[in-house]
Structure formats: structure tokens, C-alpha cells
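Below: one structure, written as C-alpha cells.
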Amino acid sequence: MESDRSPFGISEGVGQADTSMKDDANMTATERIIELLYRNLQEVFGEGDAARRRTAIEEFYTDDCVLYVPDGVLVGHAALDKFAGELRATHPHFVYTPHGQAQALHNGGILAWGSGPKGEPPEYTGLDVVIVRASQIAELYVFLNPKLSPA
């Protein structure tokens, strides 16, 4: 019979670490990280309405948040909002679709995604990596898949 334990001595599964820590909403740290990954994809980068996007950024991100993207490093809500709005304007009809499940480990998490017209294969894909502090995203690293992403 195969063991359901990993080589690290923990049970296999998404977000097994940090389940004992609870935040104010009685959500585990792991659950909050996973929620932030999914909601950030849709409510920040997938949001076309500037006011709703800004509200989401204020809820999801620390004031001193840092966004790492291939073209540079951006700091703070205003810089993140400007970047997400400009990106959204280049492809207003694209949707972001999670690929696989989000995973959380300690204070970090990952989510693979694709972006393209709804119902069609993605035109580009990527991976979001977050570092969370006090139930908010403190750092977001955006990796683009070089095989599917435009240069």
C-alpha cells in the first residue's frame, strides 16, 4: 500500500502547513493565502473597473507591497493599481483562468494561470508567487511562461 505521506514527513495535499494559525475571520493562514491568490487574479488583474480594482488592492495588499514583474519592481498601492490598470487596458476582453490548484506553504503561496479570450486557449500563462504578512500580500512575484507568453 502506498503511503500518503511526502518525503518531508507530512501528509500530501494543498496547504497542509500553517493550519493551526487563525486570523480575525477565523480562517487559517493557509486558507487566507489561497483566497488571496484566487481573488487577486480576478479582482485586481482581471478587473476592468478602476474603483473596484483599487478597493481590492487596498483589501488584499499591505501599504508597502512590492510587485516584481519582468520589466521591473513596483512599490505601493498606487504603483500596483497603475500597472494592473494599464495591463488590463491592453487586453480588456481577456480573462484569467487558474491552472491547477493554488498552494500555500508557511507565509507564501503559488498559483499558475492563463490569460486569453473567454472560452479559448490562453494566449499567455504565468505563475504568481506571493509572500503574505498580516493576512495581506506583501510581495507578489509574477513569472511569465516563456513558451506561451509574448516576448
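- When all heavy atoms of A104 and T30 are compared, the pair lying nearest together is CB-CG2, 3.7 Å.
- Minimum heavy-atom separation, L41 to T97: CD2-C, 4.3 Å.
- In this structure, L144 and T125 have side chains that are not in contact, with every pair of non-hydrogen atoms separated by 4.5 Å or more.
- In this structure, the side chains of I131 and I137 stay at 4.5 Å or more apart for every pair of heavy atoms.
- Contact annotation: the side chain of E35 never approaches that of S135 to less than 4.5 Å [non-hydrogen atoms, C-beta and beyond].
- The heavy-atom pair separating R53 from A84 by the smallest distance is CD-CB, 3.6 Å.
- Hydrophobic clustering places V142 together with V130 (ILVMFWY residues linked when any side-chain heavy atoms are closer than 4.5 Å, directly or through intermediates).
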Side-chain donor-acceptor contacts of residues 112-121 below 3.5 Å, not counting sequence neighbours, with atom names and distances?
| residue | atom | partner | partner atom | Å |
| --- | --- | --- | --- | --- |
| W113 | NE1 | D128 | OD1 | 2.9 |
| S115 | OG | V95 | O | 3.4 |

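- Cluster annotation: F143 and V132 are assigned to distinct hydrophobic clusters (Ile/Leu/Val/Met/Phe/Trp/Tyr, side-chain heavy-atom contacts under 4.5 Å, transitive).
- In this structure, the separation between CG on N107 and CD on E139 is 9.0 Å, given to the nearest 0.5 Å.
- The shortest non-hydrogen separation linking P122 to H99 is CG-CE1, 3.9 Å.
- Side-chain contact between E43 and F60: present, with at least one pair of heavy atoms (C-beta onward) separated by less than 4.5 Å.
- When each of L127, V69, V129 is tested with Y141 by the rule side chain to side chain contact (heavy atoms under 4.5 Å, CB included), just one qualifies, namely V129.
- Under the salt bridge (charged side-chain N to carboxylate O under 4.0 Å, His left out) criterion, the residue pairs touching residues 86-110 are K82-E86, with sequence neighbours excluded.
- L87 and L111 fall within the same hydrophobic cluster, defined by Ile, Leu, Val, Met, Phe, Trp and Tyr side-chain heavy atoms under 4.5 Å apart, directly or through other members.
- Interatomic distance, CG of D81 versus OG1 of T55, reported as 9.5 Å (0.5 Å rounding).
- In this structure, P98 and Q42 approach most closely via the heavy-atom pair CD-NE2, 4.3 Å.
- Residues R32 and L36 have side chains in contact (heavy-atom distance under 4.5 Å, counting atoms from C-beta outward).
- Between the SG atom in C65 and the CG atom in L80 there is a gap of 5.0 Å [rounded to 0.5 Å].
- The shortest distance between side-chain heavy atoms of D64 and R133 falls below 4.5 Å.
- The minimum heavy-atom distance between H77 and Y61, with the atom names listed, is NE2-O, 3.0 Å.
- Interatomic distance, CD1 of I57 versus CG of D63, reported as 12.0 Å (0.5 Å rounding).
- Between F94 and F45 the shortest side-chain heavy-atom distance does not fall below 4.5 Å.
- With respect to the salt-bridge test (charged N to carboxylate O, under 4.0 angstrom), the residues E59 and R39 qualify.
- Cluster membership for I110 and V44, using ILVMFWY side-chain heavy atoms within less than 4.5 angstrom, is not shared.
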